[in-house]
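Before any comments, here is the structure.
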Amino acid sequence: MKKMIFVVLIMATSLFSQMLNIDDFSSVVFSRVTSKPVTINLNLMIDGRYVEDESYKIIDALNIVIGSFYWEDLITSRGKESFKTALKNYTTKKYSIDIDNVYIQKIQSQPNTQEIIDALKKEGLCVK
């Protein structure tokens with residue numbers, strides 16, 4: 001009997017679980033090394049209850065939480081785990097949204113225009 005109640009409970013919680021895909025999210029974070037802003041792109045999958053219905057609140061939380069990290073922190077595994085934990089905690093505290101898991105699919109920086117020009121000059125492909 002206890003096993004049957006446990007199975008029913010597990011099935012009931014999985015019915016409310018949703019997956020939210022956030023593709024091509026762009027934000028600006030600062031670099032600790034250069035003290036300049038870095039534009040980043042990331043793709044996330046967020047698993048939890050009612051996350052699709054509350055997606056606008058999760059995007060708001062994502063904008064706030066990611067701004068508290070430096071680029072150098074986001075590229076380390078410890079920094080990524082801290083980011084995931086911070087996003088879960090913030091959405092729970094601020095909006096009462098339960099996020100079970102955050103999956104980072106892609107995180108990368110976009111070079112700024114000056115970096116592209118400097119690289120072309122270095123290769124001799126751009127004339128002053």
query = How many angstroms lie between OG in S27 and CZ in F69, if you round to the nearest 0.5 Å?
reply = 12.0 Å
task = Kindly say whether Q18 contributes a backbone atom to a donor-acceptor pair with the side chain of E52 at under 3.5 angstrom?
result = no
same_hphob_cluster(I64, L62) at 4.5 Å side-chain heavy-atom cutoff = yes
key: Spatial distance of atom OG (S26) from atom CG (N63) [nearest 0.5 Å]   = 9.5 Å
ask   = Going hydrophobic residue to hydrophobic residue with side-chain gaps under 4.5 angstrom, can you get from I40 over to V28?
value = no
query = Is there side-chain contact between D100 and R49, with at least one heavy-atom pair below 4.5 Å?
reply = yes
inquiry  = Counting neighbours of NZ on K106 that are heavy atoms of other residues, nucleotides or ligands and sit closer than 6.0 Å, is the number greater than 12?
reply    = yes
message = Would a single hydrophobic cluster contain both I22 and V102, if residues Ile, Leu, Val, Met, Phe, Trp and Tyr are joined by side-chain heavy-atom contacts under 4.5 Å?
response = yes
query = With distance as the sole test, does D47 use its side chain to make a donor-acceptor pair with the main-chain N or O of M19 at under 3.5 Å?
reply = no
inquiry  = Tell me whether T92 contacts the main-chain N or O of I97 through its side chain, where contact means a donor paired with an acceptor under 3.5 Å.
reply    = yes
message = Y95 vs D60, test: side chain to side chain donor-acceptor pair (under 3.5 Å). Steps then yes/no.
response = CA-CA 10 Å; Y95 298 115; D60 178 62; 2.3 Å; yes
Gap separating the CD atom of E54 from the CD1 atom of I99, nearest 0.5 angstrom = 11.0 Å
ask   = Counting only N and O atoms by type, is there a donor-acceptor contact under 3.5 Å from the side chain of E72 to the main-chain atoms of R32?
value = yes
key: Any side-chain heavy-atom pair of L20 and M45 under 4.5 Å   = no
ask   = Mind checking whether Y103 and L44 have side chains closer than 4.5 Å, heavy atoms only?
value = no
task = Find out whether S109 and W71 are in side-chain contact, i.e. whether some heavy atom of one side chain is under 4.5 Å from a heavy atom of the other.
result = yes
N41 side chain near F25 side chain, heavy-atom distance below 4.5 Å = no
key: Smallest separation among heavy atoms of Y90 and A61, with atom names   = CD2-CB, 3.5 Å
Solution key, residues 75-82 side-chain donor-acceptor pairs under 3.5 Å, sequence neighbours excluded:
from: T76; atom 1: OG1; to: D73; atom 2: O; distance (Å): 2.9
from: T76; atom 1: OG1; to: G79; atom 2: N; distance (Å): 3.0
from: S82; atom 1: OG; to: R78; atom 2: O; distance (Å): 3.0

note = To the nearest 0.5 Å, atom CD1 of I46 lies from atom CG of L87 at 5.5 Å
message = Are I66 and F83 packed together at the side-chain level, in the sense that at least one heavy-atom pair is separated by less than 4.5 angstrom?
response = yes
query = Between atom CG of D53 and atom CD1 of I58, what is the distance when rounded to the nearest 0.5 Å?
reply = 9.5 Å
message = Nearest 0.5 Å, please: how far is CG in L74 from CD1 in I107?
response = 4.5 Å
